[in-house]
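Just below is one structure, and these are the notes that go with it.
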Amino acid sequence: MAAIETEELSKDFLVGFWRPRPYRALDSLTLSVDEGEVFGFLGPNGAGKSTTLKLLMQLLYPTSGTARILGRPVGDLSVKQRIGFLPENPYFYDHLTAEELLSYFARVFGLRGPDVARRVSAVLDEVGIASERRLRLRQYSKGMIQRVGLAQALLNEPEVVFLDEPMSGLDPLGRRQVRQIMLRLRDRGCTVFFSSHILSDAEALCSRVAILAQGRLVASGRLSEILAFELRGWELVVANLSDELRATIAPRVRGIVAVAHGRFTIDLPAEESPDRFILELGRGGAQIISLNPLRETLEDYFVQSVGAAESRQTGL
Amino acid sequence: MRAIALVAQAVFKESIRDRVPYSMVAFAVLVIAASYLISQLTAGQDMKILKDLGLAAISVFGLLIAVFIGINLVSKEVERRSLFSVLAKPVSRSQFILGKYFGLVLTLVVNLTVMTLAFYAVLLYVDLTTDALLKTAWPAPALDPRLVVAVMLSVAELMLVTAIALFFSTFSSPLLSALLTIGLWVAGHFNADLRNFEAVLDVQPVAVVARGMYYVLPNLAPFNIRAEVVHGVTVPATQVALTLAYAAVYIVILLIGAIAVFRRRDFK
């Protein structure tokens with residue numbers, strides 16, 4: 001059974017004050033996410049990612065189409081018992097402490113007595129804010145609120161968790177922690193559906209991704225299918241590159257760019273042997289700093305897909 | 001029921017930690033205490049003035065709490081998007097609205113209880129420090145239990161006002177909700193004039209519209225029995241019961257309306 005399914009899901013918003021006309025924020029989205037996978041929902045700003053998540057949480061009603069979670073229609077209270085949701089830029093009650101807020105939500109999920117305190121402590125530890133549990137939320141930083149948001153999404157040990165921009169507002173340490181949490185969720189069989197702008201996170205975490213542009217699905221599939229992982233060339237970083245040596249190699253490389261502290265980045269074509277090149281540079285007195293293969297990244301694919309969708313839209 | 005109670009508890013906890021109701025209660029207690037000083041300036045009328053001002057302070061500050069917390073109950077949650085996390089949990093939209101309403105009613109009851117206790121403390125002090133001969137001029141004893149009936153009707157009125165504020169806050173901004181709620185409160189106190197509007201303006205269509213508004217708008221005048229209580233006049237129990245029943249019916253209709261609007265809303 002699919003954990004999440006949408007069929008021809010569309011949403012129009014009315015725009016304009018005097019003569020409101022429909023604006024299509026999401027157009028016929030058909031998507032299926034399997035149980036236990038980490039699914040990345042990607043797209044530029046205004047692509048319709050948050051609209052989709054709100055439709056799945058029934059915070060918005062669709063103009064047409066259907067959506068199901070764990071085989072049941074969205075909005076079903078029995079489904080809500082089994083899912084977690086982190087909204088984009090979450091906001092909670094200012095005057096409550098993190099502990100009080102999470103206890104409230106834990107009771108909403110049906111926990112009682114000592115189970116409430118036990119579960120609240122566990123999620124506070126998991127997101128790394130156990131020591132600030134008795135501070136009022138108005139005193140929290142944006143990153144800490146994001147962690148509270150993540151904690152409340154994990155309270156009921158969900159079977160499916162929806163995270164809208166989970167890395168937003170987090171420092172590098174926080175982002176790493178969230179990545180680890182997502183991987184732990186996957187390992188225990190939880191389906192993770194997350195939207196993000198940060199493609200490196202998606203590349204590191206997802207088994208499958210979908211790319212949305214201007215409300216339409218422009219690509220979806222396994223990362224291994226989407227990205228050919230073909231070698232596109234080599235990136236060589238060197239120091240002490242003399243002008244003569246630079247002039248000698250220039251015709252055989254795709255580019256030489258000066259970077260800081262007298263270092264240069266050399267862009268080698270894939271057909272050029274890096275071993276031979278390194279030997280030649282060494283003989284010429286250059287010092288090799290690093291050598292990296294260049295492959296197609298999710299970012300390249302994203303730019304191509306979104307760019308093509310935008311061109312189609314503008315008719316260029 | 002459990003979900004409603006949990007939402008109500010959260011509203012209560014959140015609002016008692018907010019400074020607004022505290023400052024309102026503090027100000028009301030100050031006014032009640034000050035009314036004692038004012039009453040000293042009017043020989044023979046002191047107890048009437050004290051009771052009148054005290055009951056008025058409880059009613060007005062209760063109204064301010066009901067309006068200013070009531071209008072924010074839903075619209076602030078929508079604006080700040082704090083309801084997203086709540087509605088994604090096993091809480092239906094109708095449970096959310098009812099929880100919000102009962103949470104604010106609980107806040108109101110606690111605040112009005114504090115104000116009433118302060119009021120009775122001032123009355124007790126006056127009772128203990130007044131000469132027995134002077135007390136004979138009072139139309140009713142200082143600690144008259146009928147005062148509680150007046151406060152009870154104030155609570156019922158404020159529960160109705162809260163339902164109005166909640167209804168408006170499900171679809172409009174806090175400022176507009178406040179204006180509409182206060183507007184309805186004012187109209188509600190002058191509602192009886194609409195019934196016989198043809199006596200003021202002899203234009204039949206206008207009179208019909210005014211008569212229609214009389215039946216639709218809340219009639220809040222019966223909730224104010226301060227004048228009777230201050231003068232020691234007993235209000236018949238049936239009148240009190242009918243007023244409470246009227247409030248209950250009106251509140252149920254408003255809550256059904258609020259739920260109907262809220263259930264259809266999109267939260268962008």
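Below, chains carry the letters A, B, ... as their sequence lines are ordered, and counting in each starts from 1. This one's a predicted model, so the numbers in the text were calculated from it and none came from an experiment.
Within 6.0 Å of OH in B:Tyr125 there are 12 or fewer heavy atoms belonging to other residues, nucleotides or ligands. Heavy-atom neighbours of B:Arg263 CZ from other residues, nucleotides or ligands within 6.0 Å: at or below the threshold of 12. Surrounding CZ of A:Arg134 are at most 12 heavy atoms belonging to other residues, nucleotides or ligands under 6.0 Å away.
For the atom pair CG (A:Leu137) and CD (B:Glu14), the distance works out to 9.0 Å, reported to the nearest 0.5 Å. Of the inter-residue distances, the one linking A:Leu102 atom CG with A:Ile129 atom CD1 reads 7.0 Å to the nearest 0.5 angstrom.
A donor and an acceptor atom, one from each side chain of A:Ser121 and A:Arg133, are located under 3.5 Å apart.
Listed options B:Lys268, B:Lys13, B:Gln9 were ranked by heavy-atom pairs under 4.5 angstrom with chain A; first place goes to B:Lys268. Most heavy-atom pairs under 4.5 Å with chain B: of the set A:Tyr93, A:Phe85, A:Phe109, this distinction falls to A:Tyr93.
In this structure, chain A has heavy atoms under 4.5 Å from both the backbone and the side chain of B:Ala88. Both the backbone and the side chain of B:Arg80 come within contact range of chain A, judged by heavy atoms closer than 4.5 Å. For A:Arg82, no part lies under 4.5 angstrom from a heavy atom of chain B. At a 4.5 Å heavy-atom cutoff, the contact between A:Pro87 and chain B is made by side-chain atoms alone. Using a 4.5 Å cut-off between heavy atoms, B:Arg264 touches chain A through its backbone atoms (N, CA, C, O) alone. Contact of A:Asp76 with chain B is not made at all, since no heavy-atom distance falls under 4.5 Å. Neither the backbone nor the side chain of A:Phe162 comes within contact range of chain B; no heavy atoms are under 4.5 Å apart. Using a 4.5 Å cut-off between heavy atoms, B:Lys76 does not touch chain A at all.
A salt bridge links A:Glu126 with A:Arg184; the closest basic N to acidic carboxylate O contact falls under 4.0 Å.
Against chain B, the residues from residues 38-59 of chain A that qualify, each with a non-hydrogen atom under 4.5 angstrom away, are A:Lys54, A:Met57, A:Gln58, A:Leu59 in number order.
The ring of B:Phe262 has its center closer than 6.0 angstrom to the ring center of B:Phe267.
Side-chain atoms of A:Ile83 and A:Val161, non-hydrogen and from C-beta on, never get closer than 4.5 Å to each other.
Judged by distance alone, with hydrogens and angles left aside, the side-chain atoms of A:Asp115 form no donor-acceptor pair with the main-chain N or O of A:Leu111 at under 3.5 Å.
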Show every donor-acceptor pair shorter than 3.5 Å between a side-chain atom in residues 96-104 of chain B and any protein atom, with sequence neighbours excluded, or say none if there are none.
residue: B:Lys100; atom: NZ; partner: B:Glu77; partner atom: OE2; Å: 2.3
residue: B:Tyr101; atom: OH; partner: B:Met159; partner atom: O; Å: 2.9

